[in-house]
Amino acid sequence: MIKGKVAIITGASSGIGYATALALSKAGAKVAIGARRVDKLEALAKKITDNGGEVFYQKLDVTQRLECDNFAKAVLEKWNSIDILVNNAGLMPLSFFKSLKVDEWDKMIDVNIKGVLYSTGAVITHMKEKKSGHIVNLSSVAGRVVFASGSVYCATKFAIAAFSEGLRKEFSARTNIRVTSIEPGVVDTELNDTITEDSLKGFVENAKKMEALHAEDIANAILYAVESPPHVNVNEILIRPTTQEL
Ligand code: NDP
């Protein structure tokens, strides 16, 4: 069903974004991959091409609105369509609020919230005009459950849950744009590497010990949502490792 469709995936240089680019490409989509580490994008693009897929890549920092706009423009110039946007880029430098890691709060707000708004803003007019499209946002279990040390991260993911529902109300019935919020529990990726708070080393070690989800598990959930027929709007997928309690 997504064969020949064009999908933009932000934060595709590692983890869930990387696995999603591969999964969507394997299902026949043309994939446009963005992130800041261009060497990683280049390696992924080669892998996709070697597998017979079609790929476009360009440096993308989602905190820069102009880069989001230029990325979408370049994709439209190349393929004349954008059918799917996966807003995946994100950071999780957990810390206790009392540590006052203001730079990290700013980064999370800039990437996890503003980056999603800028990337969506860059494609929405096109999708609205053609009366079809699919926006997939990476929220989290942390967009449903709040924990100490996650107050700011959880706030960003609650924001994404709210934004997803707002988009659905504004666009789905009127313009056929579908909206999916993906809410993973612990996934084995580089995400924990952004944590700098010393007192959370134990948290990170425990997360490493548990049988976490794999990036491919989330890619499969995204594939399910975007492969669903046009009348089916898969709004939320909450997916935890079986061993995760929180
Ligand atoms: P990774 O750290 O492996 O991937 C994060 C991606 O985001 C990287 O490709 C990184 O690329 C990209 N990124 C970071 N900053 C920017 C930026 N300014 N502009 C563009 N891209 C950026 O983590 P995950 O794959 O786990 O995370 C993907 C998403 O899934 C995130 O939104 C995360 O919050 C969410 N999630 C993850 C969970 C987990 O347990 N892993 C659980 C729930 C949700 P680069 O550095 O090259 O720019």
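Counting convention: from 1, in listed order, for ligands and their atoms alike.
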Tell me, which protein residue and heavy-atom name are nearest atom 32 (O) of ligand 1, and how many Å apart are they?
-> Asn88 O, 2.8 Å

Of all protein heavy atoms, the one nearest atom 27 (O) of ligand 1 is Leu191 CD1, 3.8 Å

Please work out whether any backbone atom (N, CA, C, O) or any side-chain heavy atom from C-beta onward of Ile16 is under 4.0 Å from ligand 1, and answer side chain, backbone, both or neither.
-> both

Does a side chain donor of either Ser228 or Arg178 reach within less than 3.5 Å of an acceptor in the other side chain?
-> no

Give a yes/no verdict on whether any heavy atom in Tyr153 is under 4.0 Å from an atom of ligand 1.
-> yes

CG/Asn87 to CD1/Ile8 distance, rounded to the nearest 0.5 angstrom?
-> 9.5 Å

Would you please indicate if the ring centroids of Phe56 and Phe71 are separated by under 6.0 Å?
-> yes

May I ask whether Gln64 has any heavy atom positioned less than 4.0 angstrom from an atom of ligand 1?
-> no

State if Ala142 counts as touching ligand 1 under the rule of any non-hydrogen atom under 4.0 Å.
-> no

Protein heavy-atom partner closest to atom 5 (C) of ligand 1 - residue, atom, separation in Å | Gly90 O, 3.6 Å

If you measure only the distance, is there a donor-acceptor pair under 3.5 Å linking the side chains of Glu197 and Ser149?
-> no

Quick note on ligand 1: atoms under 4.0 Å from a heavy atom of Val186 include exactly 40 (O)

Consider ligand 1: state whether an atom of it lies below 4.0 angstrom from any non-hydrogen atom of Leu60.
-> yes

Determine whether any heavy atom of Ala212 lies closer than 4.0 Å to an atom of ligand 1.
-> no

